[in-house]
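These notes are about the structure you will find just below.
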Amino acid sequence: MLTLKVIRENKDEVIKRLAKKHFDATVIIGKIIELDDRRKSIQYQLDTNLSEQNTIAKQVGKLFAEGKSVEANAAKSKAAELKEKSKEFSQELSDVEAEQKQLLFQVPNLPHDSVPEGTGASDNVVVRQGGDIPPLFDGALPHWDLASKYDIIDFELGVKITGSGFPVYKGKGARLQRALINFFLDCNTAAGYQEIEPPHMVNEDSAYGTGQLPDKDGQMYHIGVDNFYMIPTAEVPVTNIFRDVILHASKLPLKLTAYTPCFRREAGSYGKDVRGLNRLHQFDKVEIVQVQHPDLSYQSLNDMVLHVEGIVKKLNLPYRILRLCGGDMSFTSALTYDFEVYSAAQHKWLEVSSVSNFESFQANRMMLRFKEEGDKKAQLAHTLNGSSLALPRIVAALLENNQTPEGIKMPEVLKPYCGFDVID
RNA sequence: GGAGAAAUGGCAGAGUGGUCGAAUGCGGCGGUCUUGAAAACCGUUGUUCGCGUAAGCGAACCGGGGGUUCGAAUCCCUCUUUCUCCGCCA
């Protein structure tokens, strides 16, 4: 959520920058400012009214103490009138505030200056590419066929137990999941991220805090009886650790990492893009989150990109890093880098990580602030997050790229984690 | 799941209808003293909104929401959470 200060003070600039995200903010920004003017004037009237009430209440006490009950009763009826008015004002105030908030929720984050123009995935800019695409032998298989050939992932069994998009990992397939999770977490903790195991369901406030609500309601699994949401990413519970928190500036940056399963309904997606591990309703992911000083958040973003790149390199996967264009980036992000790995048998680039700086957009919504030593006023912190990494597509690429007629060879770094060298 | 108790500022903890944004202690910050430090002493110490260049002024906040009253941290209703006892359980 953008701050009112930014909207009021840089109205034209805001509208101009949002155009890059193909969002026409002219009308909505105008409405928000108009409501804000109304809000202020109502607040003023309410405060004045309340102030008068407070004064009278004190007088009444004094008058009774002095035994002047006639005057006291007169004051009482005056107070009753004021109270009636206050009630109206505060009702009006909360209506205006609710309406304003609802509008603010609809305005996306401002894209950073370095965000490229563009409308979709084809306009994203490749900033770096690494690793070699492996030549595959004749008869090389896509990962879903490898999965059944070696009996390591059973998609049909998942359908029986739950539904499509809930695979069952078996034997070395299951062990590989555990190996990757541990490997990623170890990489992250070595880089100074504190490991967290958060709840896998969150309440409504948390879903609002990171912006899943109200706009992405249908994408989360919802537990109606308790009004909980299954988390679509660890970002939600982890970032919400800091909801309504004021930190000391000296504590920044805070760096956290968490493994969680992620649950996404992804309604309406089907076809060959969702085959095998390409898109699932439940998948494993290790996430990194940073809370940083506004002056340093872009430095942190770069650090995170380099960190994730290091992990992908260790896995020896061909990868590229994209800077997302205005049309392809998320509602909440100011600048996003996507990581893709090449899945050789599918001949496709698969997104395995998305690293973003949200600047103060999430922080404003959940009141995450920090205080500089000696400063009286708290200011909004910046939040960043990224996958490091999402498992299924990494597994898809690992299986396809490393297959040989004799079996699938594990990358060197994973061997100690897997306890085996080859899936055969 | 049943019965009872509780929720107050960074922490501990007083406060049962007015003068309470809230005693006191600890912690934090500033100062006096000291070669330096400690101790001691003095002062200071939250958040949000509105008005104001500022100093400042006004309003709200004692778990959340609602109510009673001229006036609520204090009384009532409700929700949530925590603790104790019983039951169940990995």
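Chain A is the first sequence line, chain B the second, and so forth, proteins listed ahead of strands; every chain is numbered from 1.
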Say you pick atom [atom1] in [N] and the same atom in [M]; how far apart are they, in whole Å?
N: B:G25; M: B:C83; atom1: P; answer: 31 Å
N: B:C79; M: B:G43; atom1: C1'; answer: 43 Å
N: B:A14; M: B:G66; atom1: P; answer: 29 Å
N: B:G56; M: B:G63; atom1: C1'; answer: 33 Å
N: B:A40; M: B:G52; atom1: P; answer: 47 Å
N: B:U47; M: B:A22; atom1: C1'; answer: 15 Å
N: B:A54; M: B:U44; atom1: P; answer: 24 Å
N: B:U69; M: B:C75; atom1: C1'; answer: 10 Å

Roughly, in whole Å, what's the span from [atom1] in [X] to [atom2] in [N]?
X: A:D47; N: B:G58; atom1: CG; atom2: C1'; answer: 6 Å
X: A:E84; N: B:U69; atom1: CD; atom2: P; answer: 12 Å
X: A:K377; N: B:A54; atom1: NZ; atom2: P; answer: 12 Å
X: A:R39; N: B:U48; atom1: CZ; atom2: P; answer: 14 Å
X: A:Y44; N: B:C51; atom1: OH; atom2: P; answer: 10 Å
X: A:N49; N: B:G50; atom1: CG; atom2: P; answer: 19 Å
X: A:N73; N: B:U69; atom1: CG; atom2: C1'; answer: 13 Å
X: A:L50; N: B:A60; atom1: CG; atom2: P; answer: 5 Å

Evaluate the ring planes of [X] and [Y], with Trp represented by its six-membered ring, and classify them as parallel (under 30°), tilted (30 to 60°) or perpendicular (over 60°).
X: A:F263; Y: A:Y221; result: perpendicular
X: A:F370; Y: A:H293; result: tilted
X: A:F331; Y: A:F361; result: perpendicular

For [X] and [N], is the shortest distance between a side-chain N/O and OP1 or OP2 below 4.0 Å?
X: A:R369; N: B:U47; answer: no
X: A:N54; N: B:C70; answer: no
X: A:K76; N: B:U69; answer: no

Across all strands, who's sitting opposite [N] as a Watson-Crick or G-U wobble pair, both distances under 3.5 Å?
N: B:G17; value: none
N: B:G43; value: B:C29
N: B:A6; value: B:U81
N: B:G52; value: none
N: B:U34; value: none
N: B:A12; value: B:U24
N: B:A90; value: none
N: B:C75; value: B:G67

Listed nucleotide nearest any side-chain atom of A:A57, set B:U47, B:C70, B:G58: B:C70
Touch class at under 4.0 angstrom, heavy-atom based, for A:K83 against every strand present: base
Sugar-phosphate, base or nothing in reach of A:A79, heavy atoms under 4.0 Å: sugar-phosphate
Interatomic distance, A:K76 atom NZ to A:L63 atom CG [nearest 0.5 angstrom]: 11.5 Å
NZ or CZ of A:K172 within 45° of A:Y150 ring axis and under 6.0 Å: no
Check against side chain to side chain donor-acceptor pair (under 3.5 Å), A:S86 and A:Q53: CA-CA 9 Å; A:S86 288; A:Q53 270 177 248; 2.5 Å; yes
Distance-only polar pair, side chains of A:Q212 and A:Q219, donor-acceptor under 3.5 Å: no
Upstream residue (5' side of RNA chain B) when A:K40 and A:A80 are each assigned their closest nucleotide: A:K40
Residue whose closest nucleotide on RNA chain B lies nearer the 5' end, A:K58 versus A:Q43: A:K58
